[in-house]
Protein chains: 2
Amino acid sequence: MSKAEATRERILDAALEEFSTFGVAGARVDRIARKAGCNKNLIYIYFESKEKLFTTVLRRHLADVDLQMPFMPDDLPGFAGKVYDFATAHPEILRLLAWSTLEQSAQLPATREESFRDMAAAVADGQREGRVDPGFAPEFLVTTLMAIATAWSPALPFGTSTRHPAPEVLRDNVVRAITLLVRPHVDGAANDADQSFAVTGSGPEPETPGAGERL
Amino acid sequence: MSKAEATRERILDAALEEFSTFGVAGARVDRIARKAGCNKNLIYIYFESKEKLFTTVLRRHLADVDLQMPFMPDDLPGFAGKVYDFATAHPEILRLLAWSTLEQSAQLPATREESFRDMAAAVADGQREGRVDPGFAPEFLVTTLMAIATAWSPALPFGTSTRHPAPEVLRDNVVRAITLLVRPHVDGAANDADQSFAVTGSGPEPETPGAGERL
DNA sequence: AGCAACTAACTAACCAGTTAGCAAAACAGT
DNA sequence: ACTGTTTTGCTAACTGGTTAGTTAGTTGCT
């Protein structure tokens, strides 16, 4: 690795720390340079601007995510467990993702939307083949899985609550919750809302977002 | 309402919009003043600083939340539905909450931790009385409920994915997911994850929610 | 007059991005 | 091997626009 490449890496590492702590608006380029032990100008030589640097950092680490967590269509609970492990092991990356969601900076929709659609399609397959309960919309199950598996990240609004069960307990609960949600259940009596699934195909979009208006 | 009070209100409204869009670091005091149609200095007269203004806005709206969504211990699915409705109707407040989680600004732990503990305690009661399935830790159920019910807010990392089912479907799915998670299931046969439940309790733990035990 | 509500203009610090140039290594010609 | 030149990697110091926060003063109502 050339000296320049090594410096580039140090900048990316320092930037990850800075951005995940302060977001784009709160991040300071001088601070990144200091953490990386290099001159500020190098940041502008290697990465054009603060925003581009953020995008680069985010891209790199989201690519990591896809590699470390290949989607497992026929073991959704197992996948949820892996997502939980990842979120627990890498809170910085969850924070990075959270920042990029709030600040609308960094448009990298292509890959993420794609993988979301892939997952939903795989779940829909599972439903047709009877491996996955058809009582929920595929997109609902995918989003719910991710939401539950990452809910305990300090990056998310409800992950911060003081006292939580031990990590092993949490992980076990996450896996079992997904098991419960996706496993086909016999009933029919218990599940009164199968018609909702028929509605799933985005019909006439209602003007008012609040569907349940019975406050 | 005095003229001064009216101005104060306009500032708070403008500040909600600004902070929920840009966060604290990204917010501009001049922009808030312009939106409120008042002089910037008034902001410093009525609220000391940008940070204090943010805290004030957050406090006010979180207080609203508690009023609008009283916790319903014996109808958790119904409560989840209300939370979903609220999150759908008030994305700005979800964003505000998300910002305040990421930026560690604004410490208002007292009320939120309190209500979290209250909810968990109520769930634990429900488990003891057999109304709620004892298979999950109470804290797990509370956090999961909130995570699922708010997962489709654009403020959260996985709420942004392109195609979602229609709002009514989503709401119905949310309510039914919580129903599935909290309803006592007769199982034994239905739930092959019972051994994981044994692991969960970190010891011989027959009836009491072993899951919730260890912190 | 006196007070409450408000304003215009200012200040000092900050911060993304730039300029101009240094030092050493690689390279070429002789 | 020696010298001049170019390239690579880097740095110190600067710039100009922006921004939180301040000061000193105005307006209008009682």
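All values below come from the heavy atoms of this structure, side chains included, with hydrogens, waters and symmetry mates left out. Lettering of chains follows the sequences in order, A, B, ..., and the numbering in each one begins at 1.
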Cationic N near anionic O, under 4.0 Å, Lys50(B) to Glu18(B): no

To the closest 0.5 Å, what do you measure between NE2 (His90(A)) and CG (Leu94(A))? 10.0 Å

Euclidean distance, atom CG of residue Asn39(B) to atom P of dT23(D) [Å, nearest integer]: 15 Å

Measuring only between side-chain heavy atoms, which start at C-beta, is Phe54(A) closer than 4.5 Å to Leu96(A)? yes

dA20(D) phosphate, OP1 or OP2: any side-chain N/O from Lys50(B) under 4.0 angstrom? yes

Let me know, please, whether Lys40(B) or Arg10(B) comes out on the 5' side of the other along DNA chain C by nearest nucleotide. Arg10(B)

Are Phe158(B) and Arg112(A) close enough that some pair of their side-chain heavy atoms sits under 4.5 Å apart? yes

Measure from OH on Tyr44(A) to P on dA12(D) and round the result to the nearest Å. 17 Å

State which of dT11(D), dG9(D), dA20(D) makes the closest approach to the side chain of Cys38(A). dT11(D)

What I want to find out is whether Asp125(A) reaches Arg128(A) closely enough, with some N-O distance under 4.0 Å, to be called a salt bridge. yes

Interatomic distance, Ile45(A) CD1 vs dT7(D) C1' [rounded to whole Å]: 13 Å

Write down the distance between CZ (Arg34(A)) and C1' (dC10(D)), rounded to a whole number of angstrom. 19 Å

Side-chain donor or acceptor of Arg10(B) paired with backbone N/O of Ala36(B) under 3.5 Å: yes

Between C1' on dA20(D) and CG on Leu42(B), what's the gap in Å once rounded to a whole number? 16 Å

Report which part of the nucleic acid Tyr46(B) touches: base, sugar-phosphate, or nothing (heavy-atom distance under 4.0 Å, all strands). sugar-phosphate

Rounded off to whole Å, could you give me the CD1-to-P distance for the Ile43(A) and dC10(D) pair? 12 Å

Can you tell me the distance, in whole Å, between the CZ atom of Phe47(B) and the P atom of dG21(D)? 14 Å

For chain B and DNA chain C, what are the first and last nucleotides along the strand, 5' to 3', with at least one atom under 4.0 angstrom from a heavy atom of the protein chain? dA5(C) to dA8(C)

Check the phosphate of dA20(D) against Ser49(B), side-chain N and O only, distance under 4.0 Å to OP1 or OP2. Yes or no? no

Ring geometry between Phe140(A) and Trp152(B) (parallel below 30°, tilted from 30 to 60°, perpendicular above 60°): parallel

Mind checking Ala27(A) for me? I need base, sugar-phosphate or nothing, with any heavy atom below 4.0 Å counting as a touch. sugar-phosphate

What integer distance in Å separates Asp30(B):CG from dG17(D):P? 17 Å

